[in-house]
Undergrad: 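Sharing a structure with you now.
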Amino acid sequence: MFSTFLSNLADIRLIPYNVSIMKRYSPKEFEPKWQKKWQDEESFKAIDFDDRQKFVMLTEFPYPSGDGLHMGHVREYTLGDIIARYKRHQGMNVLYPMGYDAFGLPTENYAIKNKIAPQVATATNVGNFQKQFQSLGFSMDWSRSVNTTDPSYYRWTQWLFLQFFKEGLAYQKEVSINWCPFCKTGLANEEVVNGRHERCENLVEKKFLKQWLLKITKYADRLIEGLGDVDYPSRVADQQINWIGKSVGAEVIFKTENSNEDLKVFTTRPDTLFGATFLVIAPEHPLVQDLITQDHKSSVDSYLKSVQSKSDLERQDDNREKTGVFTGAYAINPVNGEKVPVWIADYVLMGYGTGAIMAVPAHDMRDWEFAKKFDLPIKRVVKNDASDDDCTADEGIMINSGKFDSLKSDEAREKIVSELKDLGLGEEKINYRLRDWIFSRQHYWGEPIPIIHCEKHGAVAVPEDQLPVTLPEVEHYEPTDTGESPLSKIDEWVNTTCPMCGKPAKRETDTMPNWAGSSWYYLRYYDAHNDKEFAAKDKLAYWADVDLYLGGMEHTTMHLLYSRFWHQFFYDKGLVPTKEPYKARRGQGIILATDGTKMSKSKGNVVNPMEIIEQGYGADSVRLTIAFLAPYDQTTPWSPESVTGMYRFLNRVWNITNEFMESSKNDSENDSTEVLRITHQTIKKVTHDLDNMSFNTAISAIMEMVNELYKLKVNSSMKSESWGFAIRTLLKLLSPFAPHIANELSSQLKSEDDSWPNYDEKYLTSEVMEIVIQVNGKVRAKLSLPVDSSEEIVIDAALKNERIVELIDQKTIHKKIYIKGKLVSLVVG
RNA sequence: GGGGAUGUGGUGGAAUUGGUAGACACGCUAGCCUUAGGAGCUAGUGAGGCAACUCGUGAAGGUUCAAGUCCUUUCAUCCCCACCA
């Protein structure tokens, strides 16, 4: 008590009386200086073919909206920057590129509304983004910057599209597409959320249009297999696998009575074929008209009409009742020759499998509901734990299945399929949930699809030497109501000649979706200015593939899957040297508003990172706050107070460094092993944490170091080798996170070396160890002993401890456990 | 219905192999200092208790000398997909 009082007095005396003689930490005064220097000197230029180990740090490039950077951007690019700077300090040739994914509807809508060309609006926004990136101190190689709307870029997007076209992987088809009546454009399945267009939230309609599609389904298996070769978080890999939705089953042919055409169905449970008591086909099924009998025609027609009038949203409603209608037709179950009725119902989807199913009500919940509602027969063919009156999808032992009785489900599956094969009435079949990628958009602001339509030759590729097909300048960007792109109204652009026969022909007027440019942009960073190829082979060989790709979880089934598909195709064509584009993928979590909800303009809870910098906290505080907030992949609310805390911490770093610089002028020589211990310990911890992307704990380790140093400086002079090492190391460890203050103070210290520090084990060991003593599992005492104490000595000391002696009293010790250097556990009773 | 994740103080979050739960920070309390700043310093801060001590990681069981961590059951929240046969 008394001694504590004294040491408090000592503390107070040794704290510099007048802190004001030192320059205050004021990031505004030096951050812009460093940013300008980095810009002017192109400090972060990645060098082609350099001998150092290469490291490609990729972050998803932004859509340059008029609103500037938001917190999500700042998190992503700050984390990328921390890694890029760290790897550079470790001596690697780091490529940390940035570009702009600038085609898209917001700019087009902005252009329509304000009568400003999208090219102009884009240029303005890009300039704004560039400035904001700079003000955050990001270490990007700007010499390789790309912009998807630049003709010198989309020339290669078009060229790559033509490779798909030549291979038959880009094709046109009349398809029922998701149509957004507000944006007046077609959408990919992935862009429809709850029956609404994910961008504008308007209800999506169905429209039948001739569209360009990319045959991503051809790569379904490869896209699954490829996941085995890369380091993706399991939730990303699982989500992609789930999205591709591979199911193994069989296609079974049912002969029909009324039609010459057979009905094909897909099932994953051919073992339940004997339980198929009826068939159901989708309302859009091509055989509908063929099958209906005269006396059912009117009821079928009215059902089809009612289905048509339903919106997608209604059809997907959770509480929907099963609806349907009997066609009057019958089909023959191939395994037992039974006549089963054919129904039409909208719970069967035309887009999956064959658009027809065999209904096994006893073993499929949907069929069960339908059978109950329309009083159709239910036949149990699998015996398992479930009650006979229930529907069960579980496997078991076959019953009511003729010669397959008493087989297990999986055996029956095999045998029945092989029998069907022999009969020529079925075979194994694999189906995917994944559909081909609808690649047409009916908009101005996108890459024109480089195709010319000729009456004689059909769709013809624009010759390579005529690329790019540039967007014409137009007066109006408004989409048309007919479902045609606004480009279709520009006759002088549309009318051209056929490259094959020279006769008059018309240009394709659809443009590509904005996923096109982003499907290959990382490749362009390897050779951003090449006007002969999309990237030179030797540069691809040097840089590919991306070592770490950081981005949003929301892109898992869109951009990330699309670009893997493109890359795999390019690999097959010998255009790229690696099978997969990205060696490792990580997804950062979302930063929510302080109230735990998503930040949104309409709620007015958006935090603007630029404002925080301008308020005087500076870029370093913002960067630290983001990295410290939570594990990088965790969704977490923003905390404005946290910025103050980081600013305070940087202030402490600033002050202790300045104190060190002051004291080194006149203090006496004095060394401290404690200073070295905390320094080496922190190097070890921060290095380990950075390798594991545990940014928040790395920062807390640096904070602990600073706190320790503050305590240590009270009793030891700062003028010593150890202190110099400690302060310089502190700045090095801090520099990936807060590069401005680290560079500023290092330059004041005239510390030129910027290599990552190494720790030395010998400084980590301390002379004493603290041993915890547990009695019956509870911590009862702590001992300080020399580190080299043997087990005997430790246990002996534990048993002699006053407190322990008291607790053991007369009781017997049943067991003594010693965990080296940590604890002694005594079991008494 | 399918897939994935997460539950720890007032808050954000720590906790290599099971080994001192709550690091680091925010906030709060008390005090000090001052050129009154978005500053700095000291002490305290899971709950209950004067204390010894007891309780405590969504809940309930279990394994173990020892469980936030392993096992079983269960509840809650979030994300993605969804009439996918």
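Residue numbering restarts at 1 for every chain, and letters A, B, ... go by the order of the sequence lines.
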Undergrad: Whole angstrom is fine here: how far is it from CZ in A:Phe649 over to P in B:C26?
TA: 11 Å
Undergrad: Would you mind classifying the nucleic acid contact of A:Thr556 as base, sugar-phosphate or nothing, using non-hydrogen atoms under 4.0 angstrom?
TA: nothing
Undergrad: Select base, sugar-phosphate, or nothing to describe what A:Asn707 touches, counting heavy atoms under 4.0 Å on all strands.
TA: sugar-phosphate
Undergrad: Can you measure A:Arg413 atom CZ to B:A85 atom P for me and round it to whole angstrom units?
TA: 13 Å
Undergrad: For a quick check, tell me whether the side chain of A:Lys820 and the base of B:U17 share a donor-acceptor pair closer than 3.5 Å.
TA: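 Between B:U17 and A:Lys820, which were checked side chain against base, a qualifying N/O pair under 3.5 Å is absent.
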Undergrad: What does B:U6 pair with, Watson-Crick or G-U, if both distances are under 3.5 Å?
TA: B:A76
Undergrad: Please work out if A:Val772 contacts a base, only the sugar-phosphate, or nothing of the nucleic acid, heavy-atom cut-off 4.0 Å.
TA: base
Undergrad: Please determine, for the side chain of A:Glu641, which listed nucleotide (B:C83, B:A39, B:C26) has the closest atom?
TA: B:C26
Undergrad: Using the C1' atoms only, state how far B:A39 lies from B:U45, rounded to an integer number of Å.
TA: 23 Å
Undergrad: Would you measure the distance from the C1' atom in B:U74 across to the matching atom in B:G7 and give it in whole Å?
TA: 14 Å
Undergrad: Heavy-atom nearest nucleotide on RNA chain B for A:Thr323 versus A:Glu770: which residue maps closer to 5'?
TA: A:Glu770
Undergrad: Evaluate whether atom NZ of A:Lys373 has more than 12 neighbouring non-hydrogen atoms of other residues, nucleotides or ligands under 6.0 angstrom away.
TA: yes
Undergrad: Determine the interatomic distance between C1' on B:C70 and the same-named atom on B:U57; round to the nearest Å.
TA: 16 Å
Undergrad: May I ask you to verify if any side-chain N or O of A:Lys822 is less than 4.0 angstrom from the OP1 or OP2 atom of B:G19?
TA: no
Undergrad: Quick one: is B:A39 close enough that its OP1 or OP2 comes under 4.0 Å of any side-chain N or O from A:Arg648?
TA: yes
Undergrad: Are the aromatic rings of A:Tyr647 and A:Tyr25 close, with centres under 6.0 Å apart?
TA: yes
Undergrad: Could you tell me the Watson-Crick or G-U partner of B:U20, where both distances fall under 3.5 Å? Say none if there is no partner.
TA: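 Pairing partner, where one exists within any strand: none, as none qualifies.
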Undergrad: Quick check for you: among B:C81, B:U54, B:C24, whose closest atom lies nearest to any side-chain atom of A:Met703?
TA: B:C24
Undergrad: Can you figure out which of B:C80, B:C41, B:G3 approaches the side chain of A:Arg652 most closely?
TA: B:C41
Undergrad: Give a yes or no on whether the backbone of A:Leu273 and the side-chain of A:Asn333 come within a donor-acceptor separation of less than 3.5 Å.
TA: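 Such a contact is found between A:Asn333 side chain and A:Leu273 backbone.
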Undergrad: Can you see if the side chain of A:Thr697 gets near the phosphate of B:C24 - specifically, an N or O under 4.0 Å from OP1 or OP2?
TA: no
Undergrad: Between A:Asp394 (CG) and B:G2 (P), how many Å, whole number?
TA: 11 Å
Undergrad: Scan A:Gln615 against the nucleic acid and name what it touches under 4.0 Å (heavy atoms): base, sugar-phosphate only, or nothing.
TA: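 The residue A:Gln615 makes base contact.
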Undergrad: With syn defined as a glycosidic torsion within 90 degrees of 0 and anti otherwise, which applies to B:G9?
TA: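 Syn, angle within 90° of zero.
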Undergrad: B:U20 and B:U69: how far apart are their P atoms, nearest whole angstrom?
TA: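 One P to the other, the span is 13 Å.
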Undergrad: Taking the P atom in each of B:U64 and B:A25, what is the distance between them to the nearest angstrom?
TA: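 Taking atom P in both B:U64 and B:A25, they lie 41 Å apart.
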Undergrad: Rounded to whole angstrom units, what separation is found between the NE2 atom of A:His363 and the C1' atom of B:A85?
TA: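 Whole-Å distance recorded here is 14 Å.
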Undergrad: Does the Lys NZ or Arg CZ of A:Lys322 fall within the cation-pi geometry relative to A:Tyr347 - under 6.0 Å from the ring centre and within 45° of the axis?
TA: yes
Undergrad: Kindly indicate whether a cation-pi arrangement holds for A:Arg433 with A:Tyr352, taking the cut-offs as under 6.0 Å to the six-membered ring centre and within 45° of the axis.
TA: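 Verdict for A:Tyr352: no cation-pi partner in A:Arg433.
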Undergrad: With a non-hydrogen cut-off below 4.0 angstrom, is A:Thr268 in contact with a base, only sugar-phosphate, or nothing?
TA: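 Sugar-phosphate only.
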Undergrad: Would the A:Phe370 and A:Phe278 ring centres measure less than 6.0 Å apart?
TA: yes
Undergrad: Base, sugar-phosphate alone, or nothing: which one does A:Gly245 contact when heavy atoms must sit under 4.0 Å apart?
TA: nothing
Undergrad: If I pick the C1' atom on B:G68 and the same atom on B:A21, what distance separates them, to the nearest angstrom?
TA: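 Here B:A21 and B:G68 have their C1' atoms 7 Å from each other.
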Undergrad: How long is the line joining CG of A:Asp633 and P of B:A5, in whole Å?
TA: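 The distance from CG of A:Asp633 to P of B:A5 comes to 12 Å, rounded to the nearest Å.
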Undergrad: Quick one: which of B:A39, B:C83, B:U20 gets closest to the side chain of A:Gln774?
TA: B:U20
Undergrad: Rounded to whole angstrom units, what separation is found between the CD1 atom of A:Ile656 and the C1' atom of B:G40?
TA: 14 Å
Undergrad: Determine whether any donor atom in the side chain of A:Lys322 lies under 3.5 Å from an acceptor atom in the base of B:C83, or the reverse, and answer yes or no.
TA: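 Indeed there is one.
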Undergrad: Heavy atoms only, 4.0 Å cut-off, all strands: where does A:Lys782 land among base, sugar-phosphate and nothing?
TA: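 Base contact.
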Undergrad: When you compare B:U63 with B:A67, how far apart are their C1' atoms, in angstrom units rounded to a whole number?
TA: 10 Å
Undergrad: What's the gap between B:C24 and B:C41 when it is taken at their P atoms, as a whole Å value?
TA: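 15 Å, rounded to whole Å.
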Undergrad: Should B:C32 form a Watson-Crick or G-U wobble pair with both distances under 3.5 Å, which nucleotide is its partner?
TA: B:G40
Undergrad: Rounding to a whole Å, what distance do you find between A:Ile773:CD1 and B:C65:C1'?
TA: 15 Å
Undergrad: Of A:Leu629 and A:Ser694, whose nearest nucleotide on RNA chain B comes first from the 5' end?
TA: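 Per heavy-atom nearest nucleotide, the more 5' residue is A:Leu629.
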Undergrad: According to a strict under-4.0 Å criterion, is A:Tyr352 in side-chain N/O contact with OP1 or OP2 of B:A85?
TA: yes
Undergrad: Using a cut-off of 4.0 Å on non-hydrogen atoms, how would the nucleic acid contact of A:Tyr432 be classed: base, sugar-phosphate, or nothing?
TA: nothing
Undergrad: Considering only side-chain heavy atoms of A:Ser825, which listed nucleotide, B:A25, B:C65, B:G12, is closest?
TA: B:C65
Undergrad: If you compare every side-chain N and O of A:Asn242 against the phosphate oxygens of B:A82 (OP1, OP2), does one of them come in below 4.0 Å?
TA: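 It does not, given that no N or O in the side chain of A:Asn242 lies less than 4.0 Å from OP1 or OP2 of B:A82.
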Undergrad: Tell me what A:Asn696 touches on the nucleic acid: a base, only sugar-phosphate, or nothing, going by heavy atoms under 4.0 Å.
TA: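 A:Asn696: backbone/sugar contact only, no base atoms under 4.0 Å.
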Undergrad: Does the plane of the ring in A:Phe374 sit parallel, tilted or perpendicular to the ring in A:Trp343? Use 30° and 60° as the thresholds.
TA: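 Taking A:Trp343 first and then A:Phe374, their aromatic rings sit tilted (interplane angle of 30° to 60°).
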Undergrad: Please determine, for the side chain of A:Thr636, which listed nucleotide (B:U16, B:C83, B:G12) has the closest atom?
TA: B:G12
Undergrad: For a quick test of reading the model: is some side-chain N or O of A:Arg433 closer than 4.0 Å to OP1 or OP2 of B:A85?
TA: no
Undergrad: Does any N or O donor sit under 3.5 Å from an N or O acceptor when you compare the side chain of A:Gln634 with the base of B:G13?
TA: no
Undergrad: Paired with B:A67: which nucleotide, if any, by Watson-Crick or G-U wobble criteria at under 3.5 Å for both distances?
TA: none
Undergrad: If we call it a pair only when both distances are under 3.5 Å in a Watson-Crick or G-U wobble match, what pairs with B:U45?
TA: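 With both distances under 3.5 Å, B:U45 matches B:G27.
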Undergrad: For a quick check under 3.5 Å, do A:Thr687 and A:Tyr759 share a side-chain donor-acceptor pair by atom type?
TA: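 Result is no, nothing qualifies.
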Undergrad: For a quick check of understanding: with a heavy-atom distance under 4.0 Å over all strands, which category does A:Tyr617 fall into, base, sugar-phosphate or nothing?
TA: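 Answer is base: heavy atoms of A:Tyr617 come under 4.0 Å of a base.
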Undergrad: Under 6.0 Å from the NZ atom of A:Lys264, do we count more than 12 heavy atoms belonging to anything else shown?
TA: no
Undergrad: For A:Thr644, report the nucleic acid contact type (base, sugar-phosphate, nothing); a contact means any heavy atom under 4.0 Å.
TA: nothing
